[in-house]
Amino acid sequence: GESVGLHLPTLSVQEGDNSIINCAYSNSASDYFIWYKQESGKGPQFIIDIRSNMDKRQGQRVTVLLNKTVKHLSLQIAATQPGDSAVYFCAENGGNNRKLIWGLGTSLAVNP
Amino acid sequence: NAGVMQNPRHLVRRRGQEARLRCSPMKGHSHVYWYRQLPEEGLKFMVYLQKENIIDESGMPKERFSAEFPKEGPSILRIQQVVRGDSAAYFCASSPIANSNQPQHFGDGTRLSIL
């Protein structure tokens, strides 16, 4: 499944499928990007980050792709599990280290 | 290996009262950030502090809100004369150094409710 996150959409996938969550960032000066996962009642949990001198970075079951030309970021989750159900946020640094600028988030629902 | 600790987890105040939210950063972290989150929205930056210094408070309302990070003890976000619109989740994050390439680590927040 795939989603563009501008209004807190919901992406619903079957367990075991791959998920793609998209994010359009706003600031051309941003040179560092982070994906966070937030479960209900908890704080954001770091998933993976990427610097602007890269276009792809892989972690365990997750891959982040960065397209600076169109200011687009995506998070791919392989073999999605029920524990992956959460709201996913992309964040950019706006070119400095003082604050993160957050997107609205995408809610991922994994069906068993 | 304790993470960022925030307390209280839930805080209820009546209009006009004061709210104090506390944040203890991760061990070894000397940079603290406060964010505010409304339901179904992303986090909004409020203030960035280092020990005894406010570095960037561009996201914090000029009135009623203040923040500190003393030499000893937790960082405090203080809201005076609270109004209903202050109801939100307030998150604190910390990082070890002021580096663009270091992720901020978050606490589980304080949910502030104004009656």
Side-chain angles (χ1 to χ4, degrees), chain A residues 4-10 21 23-27 29-54 57 59 62 64 66 73 75 86-109, chain B residues 2-10 21 23-26 29-50 53-60 67 88-111 113:
Chain A
V4 177
L6 289 177
H7 298 289
L8 193 59
T10 297
I21 301 172
C23 177
Y25 65 92
S26 58
N27 194 324
S30 291
D31 57 10
Y32 180 59
F33 306 88
I34 312 176
W35 279 100
Y36 284 94
K37 169 186 179 183
Q38 187 176 28
E39 295 174 284
S40 182
K42 295 197 170 181
Q45 176 188 352
F46 169 78
I47 302 174
I48 191 168
D49 56 2
I50 188 168
R51 302 182 186 101
S52 59
N53 61 352
M54 305 169 70
R57 191 164 186 222
V62 295
V64 55
L66 174 62
L73 200 64
L75 177 70
V87 177
Y88 288 80
F89 292 95
C90 66
E92 54 181 308
N93 74 340
N96 69 61
N97 59 321
R98 297 179 175 190
K99 56 190 169 188
L100 294 176
I101 304 165
W102 294 66
L104 286 178
T106 296
S107 178
L108 177 65
Chain B
V4 177
M5 302 300 292
Q6 290 188 250
N7 68 83
R9 290 296 312 276
H10 300 273
L21 288 61
C23 169
S24 296
M26 286 180 71
H29 288 193
S30 58
H31 299 259
V32 165
Y33 313 79
W34 285 93
Y35 293 83
R36 169 188 160 114
Q37 186 180 34
L38 295 174
E40 298 205 346
E41 292 191 9
L43 278 66
K44 297 287 195 296
F45 168 80
M46 297 181 74
V47 60
Y48 160 46
L49 310 102
Q50 295 176 22
N53 286 304
I54 296 174
I55 306 302
D56 184 345
E57 55 182 349
S58 59
M60 201 154 69
Y90 292 84
F91 289 96
C92 170
S94 70
S95 66
I97 56 175
N99 184 319
S100 289
N101 298 329
Q102 292 285 333
Q104 296 175 16
H105 296 271
F106 285 81
D108 281 337
T110 294
R111 271 93 186 145
S113 298

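No experiment lies behind these values; they were computed from the predicted model shown. Note on naming: letters A, B, ... go to the chains in the order of the sequence lines (proteins, then strands), and numbering restarts at 1 for each one.
Summarising the geometry, atom NE2 belonging to His105(B) is positioned 7.0 Å from atom OH belonging to Tyr36(A); distances are rounded to the nearest 0.5 Å. The distance from atom CD1 of Ile101(A) to atom NZ of Lys44(B), rounded to the nearest 0.5 Å, is 11.0 Å. Rounded to the nearest 0.5 angstrom, Glu57(B) CD and Lys99(A) NZ are separated by 11.5 Å.
Phe106(B) has its ring centre less than 6.0 Å from the ring centre of Trp102(A).
Contacts of Gln37(B) with chain A are made by side-chain atoms alone, with heavy-atom separations under 4.5 Å and no backbone atom involved. With a threshold of 4.5 angstrom between heavy atoms, Gln38(A) approaches chain B through side-chain atoms but not through N, CA, C or O.
Nearest approach of Pro44(A) to Gly107(B), heavy atoms of both residues: CD-O, 4.5 Å. Across every non-hydrogen atom of Pro103(B) and Asp49(A), the tightest pair is CD-OD2, 4.0 Å.
Side-chain atoms of Tyr35(B) come within 3.5 Å of backbone N or O of Leu100(A) as a donor-acceptor pair.
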